[in-house]
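What you see is a predicted model, and the numbers here were worked out from it, not measured in a lab. What's counted below: heavy atoms across the whole structure, side chains too, no hydrogens, waters or symmetry copies. Below, chains carry the letters A, B, ... as their sequence lines are ordered, and counting in each starts from 1.
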2 protein chains.
Amino acid sequence: MPKDRAPTRIQRKNRAAILEAALNVFSAHGYRGATVDQIAAEAGLSKPNLLYYFPSKEAIHTALLTGLLEVWLAPLHELNENGEPLEEILSYIRRKLEMSRDLPRESRLFANELVQGAPRIHDALSSDLKALVDEKTVILTRWMDQGKISRVHPYHLIFSIWALTQHYADFDVQVRAILGDEDPFEGAEPFVETLYRKLLTL
Amino acid sequence: MPKDRAPTRIQRKNRAAILEAALNVFSAHGYRGATVDQIAAEAGLSKPNLLYYFPSKEAIHTALLTGLLEVWLAPLHELNENGEPLEEILSYIRRKLEMSRDLPRESRLFANELVQGAPRIHDALSSDLKALVDEKTVILTRWMDQGKISRVHPYHLIFSIWALTQHYADFDVQVRAILGDEDPFEGAEPFVETLYRKLLTL
DNA sequence: CGTGAGTTTGACCAGTTGGTCAAATCAAGA
DNA sequence: TCTTGATTTGACCAACTGGTCAAACTCACG
(Lines give C-alpha, C1' and ligand atoms only; values in the text may rest on other atoms or scores of the structure.)
Protein backbone atom coordinates (compact mmCIF):
# COMPACT_ATOMS: atom_id res chain seq x y z
CA MET A 1 0.00 0.00 0.00
CA PRO A 2 1.83 3.12 -1.16
CA LYS A 3 1.37 6.20 0.97
CA ASP A 4 -0.76 8.96 -0.44
CA ARG A 5 2.13 10.94 -1.82
CA ALA A 6 2.53 11.76 -5.47
CA PRO A 7 2.55 8.45 -7.37
CA THR A 8 5.93 7.16 -8.47
CA ARG A 9 6.82 6.25 -12.04
CA ILE A 10 6.35 2.57 -11.24
CA GLN A 11 3.01 3.19 -9.58
CA ARG A 12 1.69 5.00 -12.61
CA LYS A 13 2.91 2.30 -14.98
CA ASN A 14 1.53 -0.60 -12.96
CA ARG A 15 -1.80 0.99 -12.14
CA ALA A 16 -2.30 1.70 -15.83
CA ALA A 17 -1.30 -1.85 -16.77
CA ILE A 18 -3.73 -3.25 -14.23
CA LEU A 19 -6.65 -1.17 -15.43
CA GLU A 20 -5.88 -2.06 -19.03
CA ALA A 21 -5.74 -5.75 -18.16
CA ALA A 22 -8.87 -5.50 -16.04
CA LEU A 23 -10.73 -3.89 -18.94
CA ASN A 24 -9.83 -6.86 -21.11
CA VAL A 25 -10.83 -9.44 -18.56
CA PHE A 26 -13.93 -7.84 -17.05
CA SER A 27 -15.38 -6.91 -20.44
CA ALA A 28 -14.87 -10.44 -21.73
CA HIS A 29 -16.08 -12.40 -18.72
CA GLY A 30 -18.09 -10.06 -16.51
CA TYR A 31 -17.31 -9.26 -12.90
CA ARG A 32 -17.95 -12.70 -11.47
CA GLY A 33 -16.35 -14.46 -14.41
CA ALA A 34 -13.10 -12.55 -14.10
CA THR A 35 -10.42 -13.74 -11.69
CA VAL A 36 -7.76 -11.69 -10.00
CA ASP A 37 -5.14 -14.17 -11.19
CA GLN A 38 -6.23 -13.64 -14.77
CA ILE A 39 -6.00 -9.88 -14.48
CA ALA A 40 -2.64 -10.09 -12.77
CA ALA A 41 -1.25 -12.41 -15.44
CA GLU A 42 -2.52 -10.16 -18.21
CA ALA A 43 -0.94 -7.16 -16.49
CA GLY A 44 2.35 -9.02 -16.10
CA LEU A 45 2.22 -9.00 -12.31
CA SER A 46 1.87 -11.58 -9.56
CA LYS A 47 -1.42 -11.64 -7.72
CA PRO A 48 -0.05 -10.27 -4.43
CA ASN A 49 1.70 -7.56 -6.39
CA LEU A 50 -1.54 -6.57 -8.06
CA LEU A 51 -3.24 -6.45 -4.69
CA TYR A 52 -0.50 -4.10 -3.55
CA TYR A 53 -1.88 -1.52 -5.95
CA PHE A 54 -5.59 -2.17 -5.51
CA PRO A 55 -7.06 -3.39 -2.24
CA SER A 56 -9.51 -5.82 -3.84
CA LYS A 57 -11.05 -7.13 -7.04
CA GLU A 58 -14.06 -4.96 -6.48
CA ALA A 59 -11.87 -1.88 -6.11
CA ILE A 60 -10.36 -2.51 -9.52
CA HIS A 61 -13.79 -2.92 -11.01
CA THR A 62 -15.25 0.26 -9.58
CA ALA A 63 -12.09 2.19 -10.43
CA LEU A 64 -12.54 1.04 -14.02
CA LEU A 65 -16.22 1.82 -14.18
CA THR A 66 -16.05 5.24 -12.61
CA GLY A 67 -12.96 6.10 -14.63
CA LEU A 68 -14.65 5.15 -17.87
CA LEU A 69 -18.07 6.56 -17.13
CA GLU A 70 -17.09 10.04 -18.21
CA VAL A 71 -15.46 8.70 -21.36
CA TRP A 72 -18.65 6.85 -22.01
CA LEU A 73 -20.89 9.84 -21.55
CA ALA A 74 -18.67 12.32 -23.38
CA PRO A 75 -20.51 12.02 -26.73
CA LEU A 76 -23.80 13.03 -25.16
CA HIS A 77 -22.11 15.86 -23.27
CA GLU A 78 -20.99 17.27 -26.58
CA LEU A 79 -24.53 17.62 -27.88
CA ASN A 80 -24.63 21.37 -28.41
CA GLU A 81 -27.85 23.29 -27.96
CA ASN A 82 -26.63 26.05 -30.27
CA GLY A 83 -25.86 23.79 -33.19
CA GLU A 84 -28.13 22.79 -36.06
CA PRO A 85 -30.55 20.32 -34.38
CA LEU A 86 -30.63 17.47 -36.87
CA GLU A 87 -26.90 17.69 -37.51
CA GLU A 88 -26.17 17.75 -33.78
CA ILE A 89 -28.16 14.58 -33.25
CA LEU A 90 -26.63 12.85 -36.24
CA SER A 91 -23.16 13.79 -35.02
CA TYR A 92 -23.98 12.35 -31.64
CA ILE A 93 -25.07 9.12 -33.29
CA ARG A 94 -21.90 8.99 -35.34
CA ARG A 95 -19.76 9.50 -32.25
CA LYS A 96 -21.59 6.71 -30.46
CA LEU A 97 -21.16 4.41 -33.43
CA GLU A 98 -17.46 5.20 -33.57
CA MET A 99 -17.17 4.35 -29.91
CA SER A 100 -18.83 1.01 -30.53
CA ARG A 101 -16.31 0.34 -33.25
CA ASP A 102 -13.22 1.66 -31.48
CA LEU A 103 -14.00 0.95 -27.82
CA PRO A 104 -15.99 -2.28 -27.80
CA ARG A 105 -14.41 -3.42 -24.55
CA GLU A 106 -15.70 -0.36 -22.75
CA SER A 107 -19.15 -0.92 -24.19
CA ARG A 108 -19.22 -4.53 -23.08
CA LEU A 109 -17.93 -3.61 -19.65
CA PHE A 110 -20.98 -1.45 -19.09
CA ALA A 111 -23.28 -3.91 -20.85
CA ASN A 112 -22.15 -6.67 -18.52
CA GLU A 113 -22.74 -4.49 -15.51
CA LEU A 114 -26.13 -3.27 -16.69
CA VAL A 115 -27.54 -6.59 -17.77
CA GLN A 116 -26.88 -7.92 -14.30
CA GLY A 117 -28.74 -5.12 -12.63
CA ALA A 118 -25.85 -2.64 -12.29
CA PRO A 119 -25.13 -3.66 -8.69
CA ARG A 120 -22.00 -1.53 -8.59
CA ILE A 121 -22.97 1.59 -10.52
CA HIS A 122 -26.63 1.93 -9.72
CA ASP A 123 -26.00 5.20 -7.92
CA ALA A 124 -24.11 6.77 -10.80
CA LEU A 125 -26.99 5.90 -13.09
CA SER A 126 -29.69 7.60 -11.10
CA SER A 127 -27.54 10.63 -10.30
CA ASP A 128 -24.94 11.51 -12.96
CA LEU A 129 -26.47 9.73 -15.92
CA LYS A 130 -30.00 10.79 -15.16
CA ALA A 131 -28.93 14.39 -14.69
CA LEU A 132 -27.12 14.43 -18.01
CA VAL A 133 -30.01 12.85 -19.86
CA ASP A 134 -32.52 15.18 -18.25
CA GLU A 135 -30.41 18.14 -19.30
CA LYS A 136 -30.18 16.99 -22.89
CA THR A 137 -33.83 16.03 -23.24
CA VAL A 138 -34.68 19.63 -22.34
CA ILE A 139 -32.69 20.72 -25.37
CA LEU A 140 -34.34 18.09 -27.56
CA THR A 141 -37.77 19.14 -26.38
CA ARG A 142 -36.98 22.79 -27.09
CA TRP A 143 -35.94 21.87 -30.63
CA MET A 144 -39.23 20.04 -31.05
CA ASP A 145 -41.20 23.02 -29.68
CA GLN A 146 -39.40 25.27 -32.15
CA GLY A 147 -40.36 22.98 -34.99
CA LYS A 148 -36.74 22.17 -35.78
CA ILE A 149 -37.22 18.40 -35.56
CA SER A 150 -40.19 16.03 -35.35
CA ARG A 151 -41.86 15.60 -32.00
CA VAL A 152 -41.02 12.22 -30.51
CA HIS A 153 -40.56 11.02 -26.94
CA PRO A 154 -37.13 12.51 -26.15
CA TYR A 155 -36.11 9.84 -23.63
CA HIS A 156 -36.98 7.04 -25.98
CA LEU A 157 -35.13 8.84 -28.74
CA ILE A 158 -31.99 8.67 -26.61
CA PHE A 159 -32.64 5.07 -25.59
CA SER A 160 -33.00 4.13 -29.23
CA ILE A 161 -29.67 5.71 -30.08
CA TRP A 162 -27.96 3.87 -27.26
CA ALA A 163 -29.59 0.60 -28.18
CA LEU A 164 -28.78 0.83 -31.85
CA THR A 165 -25.20 1.95 -31.57
CA GLN A 166 -24.11 -0.19 -28.63
CA HIS A 167 -25.73 -3.28 -30.11
CA TYR A 168 -22.84 -3.59 -32.53
CA ALA A 169 -20.26 -3.73 -29.76
CA ASP A 170 -22.20 -5.64 -27.10
CA PHE A 171 -23.63 -8.33 -29.34
CA ASP A 172 -20.77 -8.36 -31.78
CA VAL A 173 -20.67 -12.19 -31.91
CA GLN A 174 -24.27 -12.36 -33.03
CA VAL A 175 -23.86 -9.64 -35.61
CA ARG A 176 -20.79 -11.30 -37.05
CA ALA A 177 -22.39 -14.74 -37.01
CA ILE A 178 -25.06 -13.36 -39.31
CA LEU A 179 -23.11 -10.93 -41.47
CA GLY A 180 -20.13 -13.23 -42.00
CA ASP A 181 -17.27 -11.31 -43.57
CA GLU A 182 -19.13 -8.06 -44.11
CA ASP A 183 -17.95 -5.22 -41.89
CA PRO A 184 -20.85 -4.41 -39.56
CA PHE A 185 -20.09 -0.73 -39.35
CA GLU A 186 -19.92 -0.20 -43.08
CA GLY A 187 -23.64 -0.93 -43.35
CA ALA A 188 -24.61 0.37 -39.95
CA GLU A 189 -23.55 3.96 -40.46
CA PRO A 190 -25.70 4.75 -43.51
CA PHE A 191 -28.55 2.74 -42.04
CA VAL A 192 -28.77 4.65 -38.77
CA GLU A 193 -28.21 7.94 -40.55
CA THR A 194 -31.17 7.28 -42.84
CA LEU A 195 -33.22 6.03 -39.91
CA TYR A 196 -32.84 9.14 -37.80
CA ARG A 197 -32.98 11.54 -40.72
CA LYS A 198 -36.38 10.14 -41.66
CA LEU A 199 -37.57 10.05 -38.08
CA LEU A 200 -36.60 13.61 -37.20
CA THR A 201 -37.16 15.50 -40.43
CA LEU A 202 -40.54 17.17 -40.34
CA MET B 1 -30.10 -40.64 -12.80
CA PRO B 2 -33.54 -41.84 -13.88
CA LYS B 3 -33.64 -44.41 -16.64
CA ASP B 4 -34.78 -43.25 -20.04
CA ARG B 5 -38.33 -44.38 -19.56
CA ALA B 6 -41.28 -42.06 -19.63
CA PRO B 7 -40.66 -39.37 -16.98
CA THR B 8 -42.54 -39.75 -13.72
CA ARG B 9 -44.75 -37.10 -12.21
CA ILE B 10 -41.98 -36.12 -9.80
CA GLN B 11 -39.42 -35.93 -12.58
CA ARG B 12 -41.58 -33.59 -14.60
CA LYS B 13 -42.27 -31.38 -11.63
CA ASN B 14 -38.65 -31.16 -10.49
CA ARG B 15 -37.14 -30.70 -13.92
CA ALA B 16 -39.56 -27.85 -14.54
CA ALA B 17 -38.80 -26.31 -11.15
CA ILE B 18 -35.08 -26.53 -11.84
CA LEU B 19 -35.33 -24.88 -15.24
CA GLU B 20 -37.55 -22.15 -13.82
CA ALA B 21 -35.09 -21.52 -10.98
CA ALA B 22 -32.15 -21.65 -13.36
CA LEU B 23 -33.79 -19.06 -15.58
CA ASN B 24 -34.08 -16.73 -12.60
CA VAL B 25 -30.53 -17.23 -11.45
CA PHE B 26 -28.69 -17.39 -14.79
CA SER B 27 -30.52 -14.37 -16.19
CA ALA B 28 -29.74 -12.33 -13.09
CA HIS B 29 -26.09 -13.30 -12.59
CA GLY B 30 -24.84 -14.84 -15.82
CA TYR B 31 -23.41 -18.32 -16.18
CA ARG B 32 -20.31 -17.83 -14.08
CA GLY B 33 -22.11 -15.72 -11.50
CA ALA B 34 -24.76 -18.35 -10.86
CA THR B 35 -24.10 -21.16 -8.40
CA VAL B 36 -25.63 -24.61 -8.34
CA ASP B 37 -26.52 -24.10 -4.68
CA GLN B 38 -28.45 -20.97 -5.55
CA ILE B 39 -30.41 -22.70 -8.28
CA ALA B 40 -31.11 -25.68 -6.03
CA ALA B 41 -32.32 -23.45 -3.21
CA GLU B 42 -34.56 -21.50 -5.55
CA ALA B 43 -35.98 -24.75 -6.90
CA GLY B 44 -36.57 -26.02 -3.37
CA LEU B 45 -34.12 -28.90 -3.73
CA SER B 46 -30.82 -29.88 -2.20
CA LYS B 47 -27.76 -29.62 -4.42
CA PRO B 48 -27.22 -33.37 -4.77
CA ASN B 49 -30.89 -33.74 -5.56
CA LEU B 50 -30.66 -31.17 -8.31
CA LEU B 51 -27.63 -32.97 -9.72
CA TYR B 52 -29.72 -36.11 -9.78
CA TYR B 53 -31.85 -34.50 -12.49
CA PHE B 54 -29.15 -32.71 -14.45
CA PRO B 55 -25.60 -34.04 -14.69
CA SER B 56 -23.92 -30.64 -14.35
CA LYS B 57 -24.37 -26.89 -14.13
CA GLU B 58 -23.49 -26.56 -17.78
CA ALA B 59 -26.14 -29.13 -18.71
CA ILE B 60 -28.80 -27.03 -17.03
CA HIS B 61 -27.59 -23.95 -18.84
CA THR B 62 -27.57 -25.49 -22.29
CA ALA B 63 -30.92 -27.17 -21.65
CA LEU B 64 -32.30 -23.74 -20.83
CA LEU B 65 -30.75 -21.99 -23.80
CA THR B 66 -31.68 -24.56 -26.40
CA GLY B 67 -35.15 -24.92 -24.94
CA LEU B 68 -35.73 -21.19 -25.08
CA LEU B 69 -34.08 -20.49 -28.40
CA GLU B 70 -37.15 -21.44 -30.38
CA VAL B 71 -39.36 -19.37 -28.09
CA TRP B 72 -37.00 -16.53 -28.68
CA LEU B 73 -37.02 -16.81 -32.44
CA ALA B 74 -40.75 -17.47 -32.79
CA PRO B 75 -41.68 -13.82 -33.49
CA LEU B 76 -39.38 -13.67 -36.48
CA HIS B 77 -40.61 -17.04 -37.70
CA GLU B 78 -44.10 -15.61 -37.84
CA LEU B 79 -43.12 -12.89 -40.27
CA ASN B 80 -45.38 -13.79 -43.17
CA GLU B 81 -44.29 -13.16 -46.74
CA ASN B 82 -47.91 -13.05 -47.91
CA GLY B 83 -49.00 -10.37 -45.47
CA GLU B 84 -49.04 -6.62 -45.94
CA PRO B 85 -45.31 -5.74 -45.74
CA LEU B 86 -45.34 -2.73 -43.42
CA GLU B 87 -47.96 -4.28 -41.15
CA GLU B 88 -46.03 -7.55 -41.01
CA ILE B 89 -42.90 -5.74 -39.89
CA LEU B 90 -44.76 -3.62 -37.38
CA SER B 91 -46.42 -6.73 -35.96
CA TYR B 92 -43.04 -8.36 -35.64
CA ILE B 93 -41.78 -5.33 -33.73
CA ARG B 94 -44.80 -5.38 -31.47
CA ARG B 95 -44.29 -9.06 -30.71
CA LYS B 96 -40.65 -8.45 -29.87
CA LEU B 97 -41.57 -5.56 -27.62
CA GLU B 98 -44.15 -7.68 -25.85
CA MET B 99 -41.53 -10.32 -25.26
CA SER B 100 -39.23 -7.74 -23.72
CA ARG B 101 -42.03 -6.73 -21.40
CA ASP B 102 -43.32 -10.20 -20.56
CA LEU B 103 -40.19 -12.33 -20.78
CA PRO B 104 -37.35 -10.10 -19.59
CA ARG B 105 -35.54 -13.00 -17.92
CA GLU B 106 -35.31 -14.84 -21.21
CA SER B 107 -34.00 -11.72 -22.90
CA ARG B 108 -31.34 -11.20 -20.27
CA LEU B 109 -30.37 -14.87 -20.38
CA PHE B 110 -29.43 -14.49 -24.02
CA ALA B 111 -27.97 -11.03 -23.49
CA ASN B 112 -25.66 -12.40 -20.82
CA GLU B 113 -24.57 -15.20 -23.08
CA LEU B 114 -24.05 -12.96 -26.10
CA VAL B 115 -22.19 -10.16 -24.38
CA GLN B 116 -19.64 -12.68 -23.19
CA GLY B 117 -19.02 -14.03 -26.65
CA ALA B 118 -21.73 -16.70 -26.71
CA PRO B 119 -19.31 -19.49 -25.72
CA ARG B 120 -22.14 -21.98 -25.35
CA ILE B 121 -24.48 -21.12 -28.23
CA HIS B 122 -22.09 -19.96 -30.90
CA ASP B 123 -23.02 -22.86 -33.12
CA ALA B 124 -26.75 -22.21 -32.89
CA LEU B 125 -26.12 -18.62 -33.93
CA SER B 126 -24.24 -19.37 -37.10
CA SER B 127 -26.54 -22.22 -38.09
CA ASP B 128 -30.17 -21.86 -36.91
CA LEU B 129 -30.24 -18.13 -36.32
CA LYS B 130 -28.32 -17.24 -39.44
CA ALA B 131 -30.54 -19.50 -41.56
CA LEU B 132 -33.69 -17.91 -40.18
CA VAL B 133 -32.40 -14.38 -40.68
CA ASP B 134 -31.20 -15.17 -44.20
CA GLU B 135 -34.61 -16.55 -45.03
CA LYS B 136 -36.43 -13.49 -43.75
CA THR B 137 -34.10 -10.96 -45.34
CA VAL B 138 -34.94 -12.53 -48.68
CA ILE B 139 -38.56 -11.64 -48.02
CA LEU B 140 -37.66 -8.13 -46.92
CA THR B 141 -35.53 -7.62 -50.02
CA ARG B 142 -38.36 -8.82 -52.22
CA TRP B 143 -40.71 -6.32 -50.63
CA MET B 144 -38.16 -3.60 -51.29
CA ASP B 145 -37.77 -4.70 -54.92
CA GLN B 146 -41.53 -4.59 -55.33
CA GLY B 147 -41.61 -1.07 -53.96
CA LYS B 148 -43.72 -2.07 -50.99
CA ILE B 149 -41.31 -0.59 -48.43
CA SER B 150 -38.27 1.68 -48.53
CA ARG B 151 -34.96 0.16 -49.51
CA VAL B 152 -32.69 -0.19 -46.49
CA HIS B 153 -30.03 -2.72 -45.54
CA PRO B 154 -32.22 -5.70 -44.55
CA TYR B 155 -29.77 -7.18 -42.03
CA HIS B 156 -29.32 -3.88 -40.27
CA LEU B 157 -33.07 -3.43 -40.26
CA ILE B 158 -33.39 -6.64 -38.28
CA PHE B 159 -30.46 -5.75 -36.01
CA SER B 160 -32.09 -2.42 -35.26
CA ILE B 161 -35.34 -4.11 -34.28
CA TRP B 162 -33.52 -6.50 -31.98
CA ALA B 163 -31.47 -3.72 -30.45
CA LEU B 164 -34.40 -1.42 -29.85
CA THR B 165 -36.81 -3.94 -28.44
CA GLN B 166 -34.41 -5.98 -26.33
CA HIS B 167 -32.83 -2.86 -24.89
CA TYR B 168 -35.83 -2.40 -22.63
CA ALA B 169 -35.43 -5.84 -21.07
CA ASP B 170 -31.66 -6.15 -21.05
CA PHE B 171 -30.86 -2.69 -19.73
CA ASP B 172 -34.00 -2.33 -17.71
CA VAL B 173 -32.14 -0.87 -14.70
CA GLN B 174 -30.73 1.94 -16.78
CA VAL B 175 -34.05 2.70 -18.43
CA ARG B 176 -35.82 2.81 -15.09
CA ALA B 177 -33.09 4.88 -13.47
CA ILE B 178 -33.79 7.55 -16.07
CA LEU B 179 -37.54 7.28 -16.53
CA GLY B 180 -38.36 6.97 -12.84
CA ASP B 181 -41.95 5.95 -12.35
CA GLU B 182 -42.97 6.16 -15.99
CA ASP B 183 -43.71 2.79 -17.59
CA PRO B 184 -41.01 2.24 -20.23
CA PHE B 185 -43.24 0.31 -22.58
CA GLU B 186 -45.99 2.90 -22.62
CA GLY B 187 -43.72 5.33 -24.41
CA ALA B 188 -41.67 2.75 -26.27
CA GLU B 189 -44.48 1.27 -28.29
CA PRO B 190 -45.63 4.44 -30.06
CA PHE B 191 -42.03 5.55 -30.43
CA VAL B 192 -40.83 2.48 -32.27
CA GLU B 193 -44.00 2.32 -34.31
CA THR B 194 -43.47 5.88 -35.54
CA LEU B 195 -39.79 5.18 -36.09
CA TYR B 196 -40.29 2.21 -38.40
CA ARG B 197 -43.35 3.65 -40.11
CA LYS B 198 -41.32 6.68 -41.13
CA LEU B 199 -38.32 4.59 -42.08
CA LEU B 200 -40.17 2.10 -44.24
CA THR B 201 -42.92 4.19 -45.84
CA LEU B 202 -41.84 5.27 -49.28
C1' DC C 1 -48.37 -55.20 2.72
C1' DG C 2 -43.88 -55.82 0.38
C1' DT C 3 -40.57 -54.86 -2.87
C1' DG C 4 -37.90 -52.73 -6.24
C1' DA C 5 -37.22 -48.64 -8.63
C1' DG C 6 -37.24 -43.83 -8.02
C1' DT C 7 -35.86 -40.04 -4.99
C1' DT C 8 -33.42 -37.50 -1.37
C1' DT C 9 -29.73 -36.34 1.63
C1' DG C 10 -25.49 -35.65 4.78
C1' DA C 11 -20.89 -36.08 4.52
C1' DC C 12 -17.30 -35.48 1.81
C1' DC C 13 -13.66 -34.05 -1.78
C1' DA C 14 -10.58 -31.59 -4.86
C1' DG C 15 -9.95 -27.43 -7.28
C1' DT C 16 -10.50 -22.55 -7.40
C1' DT C 17 -10.74 -18.00 -5.63
C1' DG C 18 -10.02 -13.61 -3.15
C1' DG C 19 -7.03 -12.13 -0.02
C1' DT C 20 -2.96 -11.98 3.73
C1' DC C 21 1.71 -11.72 5.44
C1' DA C 22 6.43 -11.76 6.53
C1' DA C 23 10.41 -11.73 4.27
C1' DA C 24 13.17 -10.52 0.37
C1' DT C 25 14.48 -7.28 -3.22
C1' DC C 26 14.82 -2.87 -5.46
C1' DA C 27 15.29 2.19 -6.26
C1' DA C 28 16.48 6.78 -5.32
C1' DG C 29 17.88 10.57 -2.64
C1' DA C 30 21.10 12.22 1.06
C1' DT D 1 27.46 4.23 -0.42
C1' DC D 2 23.89 3.77 2.67
C1' DT D 3 19.50 3.94 4.17
C1' DT D 4 14.73 4.10 3.90
C1' DG D 5 10.59 3.56 1.73
C1' DA D 6 8.67 1.34 -2.37
C1' DT D 7 8.03 -2.94 -4.65
C1' DT D 8 7.75 -7.92 -5.28
C1' DT D 9 7.07 -12.60 -4.05
C1' DG D 10 6.34 -17.52 -2.16
C1' DA D 11 3.77 -19.64 1.10
C1' DC D 12 -0.32 -19.76 3.04
C1' DC D 13 -5.47 -19.57 4.38
C1' DA D 14 -10.46 -19.72 4.69
C1' DA D 15 -14.44 -19.65 1.97
C1' DC D 16 -16.69 -21.21 -1.88
C1' DT D 17 -17.75 -24.14 -5.82
C1' DG D 18 -19.02 -28.05 -8.74
C1' DG D 19 -19.51 -32.55 -8.15
C1' DT D 20 -19.57 -37.57 -5.86
C1' DC D 21 -21.31 -41.36 -3.12
C1' DA D 22 -23.29 -44.58 -0.15
C1' DA D 23 -26.96 -44.80 2.67
C1' DA D 24 -31.59 -43.67 3.71
C1' DC D 25 -36.14 -42.81 2.45
C1' DT D 26 -40.50 -42.77 -0.43
C1' DC D 27 -43.60 -44.09 -3.77
C1' DA D 28 -46.33 -46.92 -6.93
C1' DC D 29 -47.94 -51.12 -7.90
C1' DG D 30 -48.57 -56.17 -7.80
Side-chain angles (χ1 to χ4, degrees), chain A residues 1-65 112-113 116 119-120, chain B residues 1-65 112-113 116 119-120:
Chain A
M1 315 89 176
K3 303 291 161 56
D4 51 7
R5 307 208 188 131
T8 68
R9 174 181 55 91
I10 297 178
Q11 272 170 44
R12 263 197 304 278
K13 194 193 69 170
N14 281 346
R15 285 191 141 253
I18 290 168
L19 289 175
E20 169 72 15
L23 177 55
N24 279 330
V25 179
F26 281 131
S27 68
H29 305 292
Y31 179 77
R32 195 64 157 53
T35 74
V36 176
D37 274 303
Q38 227 176 327
I39 299 172
E42 187 126 346
L45 302 172
S46 66
K47 182 168 62 168
N49 198 8
L50 179 148
L51 288 168
Y52 169 75
Y53 291 99
F54 287 89
S56 69
K57 178 186 179 181
E58 179 146 20
I60 304 174
H61 194 239
T62 52
L64 245 196
L65 284 172
N112 258 307
E113 178 70 6
Q116 282 172 28
R120 275 167 284 275
Chain B
M1 312 92 175
K3 303 292 160 56
D4 51 8
R5 305 202 191 138
T8 69
R9 174 182 54 90
I10 297 178
Q11 273 169 45
R12 264 197 304 278
K13 194 193 71 175
N14 281 346
R15 286 192 143 252
I18 290 168
L19 289 175
E20 170 72 15
L23 177 55
N24 279 330
V25 178
F26 281 132
S27 68
H29 305 291
Y31 179 77
R32 194 66 155 56
T35 74
V36 176
D37 274 303
Q38 227 177 328
I39 299 172
E42 187 125 348
L45 301 173
S46 66
K47 182 169 61 166
N49 199 8
L50 179 147
L51 289 167
Y52 168 73
Y53 290 99
F54 288 88
S56 69
K57 177 184 180 183
E58 179 146 19
I60 304 173
H61 194 240
T62 52
L64 246 195
L65 284 173
N112 258 307
E113 179 70 6
Q116 281 171 31
R120 275 167 283 276

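- Nucleotide C:dG19 holds its P atom 15 Å from the CD atom of A:Gln38, rounded to whole Å.
- With a 4.5 Å cut-off on side-chain heavy atoms, A:Thr62 and A:Phe54 do not count as touching.
- A donor-acceptor contact shorter than 3.5 Å links the side chain of B:Arg12 to the backbone of B:Pro7.
- Between the P atom of D:dG18 and the CG atom of B:Leu45 lies a distance of 16 Å, rounded to the nearest Å.
- Stacking of B:Lys57 on the aromatic ring of B:Tyr31 is recorded, both the 6.0 Å distance cut-off and the 45° axial limit being met.
- Regarding contacts with the backbone of D:dT8, a side-chain N or O of A:Asn14 is found under 4.0 angstrom from either OP1 or OP2.
- For the pair A:Arg9 and C:dA27, the criterion of a side-chain N or O lying under 4.0 Å from OP1 or OP2 is not met.
- OP1 or OP2 of D:dT9 lies within a sub-4.0 Å distance of a side-chain N or O belonging to A:Ser46.
- Atom CG in B:Leu50 sits about 12 Å away from atom P in D:dT20, given to the nearest Å.
- The side chain of A:Pro48 lies closest to C:dT20, out of C:dT20, C:dA11, D:dA6.
- Between the NE2 atom of A:His29 and the P atom of C:dT16 there is a distance of 16 Å, rounded to whole Å.
- Taking only side-chain nitrogens and oxygens, B:Tyr52 comes nearer than 4.0 Å to OP1 or OP2 of C:dT7.
- Rounded to a whole Å, the NZ atom of B:Lys57 is 4 Å from the P atom of D:dG18.
- Rounded to whole Å, the distance from OH on A:Tyr31 to C1' on C:dT17 is 11 Å.
- Of the candidate nucleotides D:dT7, C:dT17, D:dA28, C:dT17 has the atom lying nearest to any side-chain atom of B:Arg32.
- Closest of all the heavy-atom pairs between B:Ser27 and B:Asn112 is O-ND2, 3.2 Å.
- The shortest distance between the side-chain N/O atoms of B:Gln11 and the OP1/OP2 oxygens of C:dT7 is below 4.0 Å.
- Mapping B:Glu58 and B:Ile10 onto DNA chain D by nearest heavy atom places B:Glu58 at the nucleotide closer to the 5' end.
- No hydrogens or angles were tested; on distance alone, a donor-acceptor pair under 3.5 Å links the side chain of B:Lys47 to the base of D:dG18.
- The main-chain N or O of B:Ala34 is never found under 3.5 Å from a side-chain atom of A:Arg32 such that the two would form a donor-acceptor pair.
- Among the protein residues, B:Ala34 comes within range of the sugar-phosphate backbone only, with heavy atoms under 4.0 Å from sugar or phosphate atoms but none that close to a base.
- With rounding to whole Å, A:Phe26 atom CZ is found 12 Å from C:dG18 atom C1'.
- The side chain of B:Thr35 contributes no N or O atom lying less than 4.0 Å from OP1 or OP2 of D:dC16.
- For B:Val36, the listed nucleotide lying nearest its side chain is D:dG18; candidates were C:dT7, D:dG18, C:dG19.
- A straight line from CG of B:Asp37 to P of D:dG18 spans 7 Å, rounded to a whole angstrom.
- Counting only heavy atoms from C-beta outward, the side chains of B:Phe26 and B:Ile60 approach each other to under 4.5 Å.
- Contact annotation: A:Asn49 side-chain N/O to D:dT7 OP1/OP2 distance is not under 4.0 Å.
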